[in-house]
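Here's the structure, in structure tokens; my notes come after.
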Amino acid sequence: MNNFIFENATKAVFGQGCVKEYLSCMVSHYGPNVLLAYGGGSIKRNGIYDEVCGILQSTDKNIVEFSGIMPNPTYAKVQEGAKLVRGNHIDLILAVGGGSVMDCCKAVSMAARYDGDLWADYWARPGVVDFEPVPLGMIVTVSGTGSEMNGGAVITNEELKIKTGRDYPKCNARFALIDPTYTFSVPKMQMISGGFDTLSHIMEIYFSEPDEPNVSDDIAEALMRGVVRDLRAAVQKPEDYTARSNLMWEATMAENRVIKLGKQTDFQAHMMEHQLGAYTDCNHGLGLAVLHPAYYRYICEKGITKFARFATRVWDVPADGKTEIELAHAGVEALADFIQELGMPTTLRELGVTEQTPMKELADSVPLTPGSYGKLTHEDVLHIFEACY
């Protein structure tokens with residue numbers, strides 16, 4: 001394994017009833033003013049909003065609402081939240097939702113304490129966070145991104161048509177409350193999309209050096225098998241607590257930095273999907289489902305041993321009578337079959353890409369990551385987009 005330093009500052013509280021039992025204790029460590037951040041209002045329909053507000057009011061907190069956080073949160077929305085934080089002297093930001101809400105709130109926590117241009121200094125390029133962001137707490141209602149236990153935030157600059165993610169450890173939430181029953185009301189395809197995002201995160205870490213046997217890859221294989229098993233179970237029975245609780249923790253484990261230890265990581269498919277999202281505003285997990293098989297068909301022969309191992313250890317593809325190259329391709333096709341089994345889209349047309357979409361401009365805007373087995377060029381990215389069309 002490569003050298004590493006590991007730290008995770010987020011306290012995770014997991015399980016049914018954890019919000020009711022622990023939220024009042026968690027918020028007691030902060031001042032009276034709480035920014036309650038959420039998305040389109042589903043938490044008002046499923047009762048989570050009333051439960052959270054009741055607890056905050058019982059602890060004498062002043063609630064300032066920051067609602068309407070959209071999928072693919074924008075830099076303009078971040079600035080709106082920062083203005084609320086500064087104007088109301090917020091002591092704690094409480095993000096209630098999925099990855100978009102959590103990501104937006106991380107950027108808000110920085111923007112509220114930074115006098116310069118946050119996008120230019122921290123998203124357009126990596127920066128050094130030499131100040132303390134506003135404290136954050138998370139209540140997870142949609143699993144998939146794993147944003148609850150890292151400092152990562154993906155933000156879209158609509159004016160520039162750029163969607164960029166950065167991971168700043170100082171943006172880790174102070175606490176994350178993870179109740180699997182909060183995900184029961186999530187629509188089926190949104191649940192599937194989140195689960196596939198989890199699988200994608202694990203694959204993006206797994207398909208990278210080092211390729212020698214290592215602990216991180218061993219854990220990743222177990223997590224990938226679990227996601228496949230649990231997604232199938234949750235599709236059959238949406239309120240299967242075992243499946244939904246496993247999916248939530250698998251999502252957290254995929255992105256709490258544990259399986260990244262000693263790994264280079266890839267995330268080229270994520271970079272392609274980010275720009276696809278910037279141009280089309282498509283659902284993140286669905287975009288990844290379209291891109292991954294085409295991307296892996298393109299690079300698998302440059303990582304044959306790992307892809308063959310993926311086939312046998314994750315998908316139980318029999319090795320008898322197959323060459324290593326045949327096994328590698330069989331693993332990719334098993335992934336593609338799983339995507340179809342889940343009813344996810346398989347073409348860019350289904351995501352809103354048309355003949356009018358400037359495909360070369362889109363491909364040229366994709367950042368190229370150093371960890372990819374294929375070491376892609378922008379011409380390669382265009383070829384993959386065209387294969388998906």
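In this pair, Y298 and H383 present their aromatic rings tilted. The plane angle is within the 30 to 60° band. Using the six-membered ring where Trp is involved, H274 and H270 have ring planes that are perpendicular, over 60° apart on the 30 and 60° scheme. Ring-plane geometry between Y122 and Y168 is classed as perpendicular, the angle between the planes exceeding 60 degrees on a 0 to 90 degree scale with a lower cut at 30. Using the six-membered ring where Trp is involved, F267 and H201 have ring planes that are tilted, between 30° and 60° apart. Note: F307 and F310 have perpendicular aromatic rings, judged against thresholds of 30 and 60 degrees for the angle between ring planes.
In terms of the side chain to side chain contact (heavy atoms under 4.5 Å, CB included) criterion, residue partners of R113 (sequence neighbours excluded) are, by chain and number, F131, E132, V134, P135. Here E386 pairs with L382 under the side chain to side chain contact (heavy atoms under 4.5 Å, CB included) rule; sequence neighbours left out. In this structure E148 satisfies the salt bridge (charged side-chain N to carboxylate O under 4.0 Å, His left out) test with no other residue, sequence neighbours excluded. Not counting sequence neighbours, the partners of T198 by the side chain to side chain contact (heavy atoms under 4.5 Å, CB included) test are I202, V227, E250, A251, A254. Partners of N2 according to the side chain to side chain contact (heavy atoms under 4.5 Å, CB included) rule, which considers only residues two or more places apart in sequence or in another chain, are P210. Listed by chain and residue number, D121 satisfy the salt bridge (charged side-chain N to carboxylate O under 4.0 Å, His left out) test with R125 (two or more places apart in sequence, or in another chain).
Between atom CD of residue E21 and atom CD of residue Q16 there is a gap of 11.5 Å, rounded to the nearest 0.5 Å. In this structure, CD1 in I192 is found 9.5 Å from CD in E341, a value given to the nearest 0.5 Å. Between the CG atom of L342 and the CE atom of M189 there is a distance of 7.5 Å, given to the nearest 0.5 Å. Distance CD/E204 to NZ/K263: 12.0 Å, rounded to 0.5 Å.
I90 has its side chain within reach of V64: a pair of non-hydrogen atoms, C-beta onward, lies under 4.5 Å apart. Side-chain contact between Q268 and V366 is present, with at least one heavy-atom pair separated by less than 4.5 Å.
Salt bridge status for R244 with D240: absent, with no side-chain N to carboxylate O gap under 4.0 Å. Salt-bridge annotation for E80 and K83: absent, with no side-chain N of the basic residue lying under 4.0 Å from a carboxylate O of the acidic one. Of the charged side-chain nitrogens involved, at least one lies within less than 4.0 Å of a carboxylate oxygen, so that R297 and E333 count as a salt-bridged pair. Using a 4.0 Å cut-off between a side-chain N of Lys or Arg and a carboxylate O of Asp or Glu, R309 and D218 qualify as a salt bridge.
Between W315 and F338, a ring centre-to-centre spacing shorter than 6.0 Å is recorded. Side-chain rings of F207 and Y296 approach one another, their centers coming within less than 6.0 Å.
S216 and Y206 share no donor-acceptor pair across their side chains, judged by distance under 3.5 Å alone. Side-chain N/O atoms of T156 and N72 include no donor and acceptor closer than 3.5 Å.
Remark: side-chain polar atoms of S372 are not paired, donor with acceptor, to backbone N or O of L368 under 3.5 angstrom. Looking only at distances, no side-chain donor or acceptor of N62 sits under 3.5 Å from a matching main-chain atom of N33.
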K163 and E273: salt bridge (Lys or Arg N to Asp or Glu O under 4.0 Å), yes or no, with the steps? CA-CA 9 Å; K163 182 177 175 182; E273 197 290 323; 3.7 Å; yes

Using the rule given for side chain to side chain donor-acceptor pair (under 3.5 Å), can you reason through Y279 versus E361, listing the C-alpha separation, both sets of side-chain angles and the distance that settles it, and then say yes or no? CA-CA 10 Å; Y279 275 72; E361 177 184 311; 2.8 Å; yes

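For the pairing with K106, the side chain to side chain contact (heavy atoms under 4.5 Å, CB included) check across L136, V101, N172, V154 returns one residue only, L136.
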